[in-house]
Protein chains: 2
Amino acid sequence: MEQLDDIDKKLLRLLQADAKLTTKELAARLGLTLSPVYERIKRLENLGFIKQYVAILDKELLGQPITIFCQVSMRYHDKAFIENFEKEIQKLEEVQECYHMAGQVDFLLKINMGSLDEYHGFVRNKLSKIENIGTLNSTFSLKVIKQSLGYRVG
Amino acid sequence: MEQLDDIDKKLLRLLQADAKLTTKELAARLGLTLSPVYERIKRLENLGFIKQYVAILDKELLGQPITIFCQVSMRYHDKAFIENFEKEIQKLEEVQECYHMAGQVDFLLKINMGSLDEYHGFVRNKLSKIENIGTLNSTFSLKVIKQSLGYRVG
DNA sequence: AGTATAGAAAGAAAAATTTTCGGTATGGAA
DNA sequence: TTCCATACCGAAAATTTTTCTTTCTATACT
């Protein structure tokens, strides 16, 4: 963070909101010309502050309106079991996010589905086949109230 | 979804993995020339399948390594109280995501912080000041096991 | 069968953007 | 002061985006 000045931070905020802004537009908003803006972007990419550029799709239009959070507790906590779970989770394309949690629950999964029925099938046929799962506690979202894709910068 | 053929789906998968792919590169991978690829992208944008393009930043480098999930239960469930909570949450820039949940818990918040200390300050000075909050149940992530930014397409 | 028509793809040219590069100004260190 | 590093500027080159016209193909109609 100390590697960033105010212009870098503003640049990151702009790009994380709209990656299609042209260098020209960015330069205008930052009060610079093309070259320094271009160089700053390349620098932020090389330093790893910018990891990638992606298109955000519409999950409703793609037929996956339901967001499910599934709290997973393992039966045993041997290193081998935990690592196996993490490896198996990577293979499940339905699992969009997986966090290793502190506390009672071991893992939190975020999953998008078209219906609860589909989710039921997923749990039954895929998730619950992973070894050593103790309890599953699923809740689903009725509505996304807020979803900012970016982090606070600055 | 019926509006999409196999080429569209592949195109969406490519763009949600890397939005910087040029039309030329996309055309090569899809076995087409520039024009139809260009037109398909514009169509997918206009139909809303592609919502926006963003830069993904590194939360560790930005000094926010901890991901916290906070389950919020309201004391009362009058429409006015719920709507007020939703409105207040929008104002809190620390809250990256907020879902209205089914079940015991009313809302699930996803929050990124630099430290648990900082989170403590946030809860004390900002979150808990919102009216009508019943209980808060926070857990935090030690490690992100998986984070795919895209949805399944097809 | 022949013909019209719509949709998608191709190709080429124009417009805009990205990328490179040489030059200038500023500030700190020797 | 002089040197050096850093950041910025401006212009040219390379590439990409965007627009437009033409070609192809499948389908439906007479």
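Predicted model only: the values in this text are computed from it and were never measured.
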In short, A/Thr139 meets B/Met101 closest at the heavy-atom pair OG1-CE, 3.2 Å
Heavy-atom pair of closest approach, residues A/Arg152 and B/Leu62: O-CD1, 4.3 Å
Rounded distance [0.5 Å steps], NZ in A/Lys129 versus CD in A/Glu88: 12.0 Å
Taking the side chain as every heavy atom from C-beta outward, state whether B/Gln3 and B/Phe49 have any pair of such atoms under 4.5 Å apart. yes
Under 3.5 Å, side-chain donor or acceptor atoms of residues 92-99 of chain B against the rest of the protein: list the pairs with distances, not counting sequence neighbours.
unit_1	atom_1	unit_2	atom_2	d
B/Glu94	OE2	B/Lys126	NZ	2.8
B/Gln96	NE2	A/Gly150	O	3.2
B/Glu97	OE1	B/Tyr99	OH	2.4
B/Glu97	OE2	B/Lys110	NZ	3.3
B/Tyr99	OH	A/Lys110	NZ	3.1

Assign [X] to base, sugar-phosphate, or nothing according to its heavy-atom contacts below 4.0 angstrom with the strands shown.
X	result
B/Ser35	base
A/Thr23	sugar-phosphate
A/Leu34	base

Within residues 6-22 of chain A, find the residues that approach DNA chain C with a heavy atom at under 4.0 Å, and present them sorted by residue number. A/Thr22
Counting only heavy atoms and a strict 4.0 angstrom limit, can you tell me which residues of residues 36-58 of chain B come near DNA chain C? B/Pro36, B/Arg40
For residues 78-86 of chain B, tabulate all N or O donor-acceptor pairs below 3.5 Å that involve a side-chain atom, not counting sequence neighbours.
unit_1	atom_1	unit_2	atom_2	d
B/Lys79	NZ	B/Glu83	OE2	3.1

Taking any atom under 4.0 angstrom from a heavy atom of chain B, which nucleotides of DNA chain D are the first and last to qualify, 5' to 3'? D/dT16 to D/dT19
Is it the case that atom NZ in A/Lys24 sees more than 12 heavy atoms from other parts of the structure closer than 6.0 Å? no
Quick one, B/Lys42 with B/Glu39, criterion salt bridge (charged side-chain N to carboxylate O under 4.0 Å, His left out). Give me CA distance, side-chain angles, the key distance, then yes/no. CA-CA 5 Å; B/Lys42 289 303 162 198; B/Glu39 282 159 15; over 6 Å; no
Option from B/Ile68, B/Val72, B/Leu136 for which side-chain contact (heavy atoms from CB on, under 4.5 Å) with B/Leu109 holds: B/Val72
Transitive ILVMFWY cluster of A/Leu34, excluding itself - 4.5 Å side-chain cut-off: none
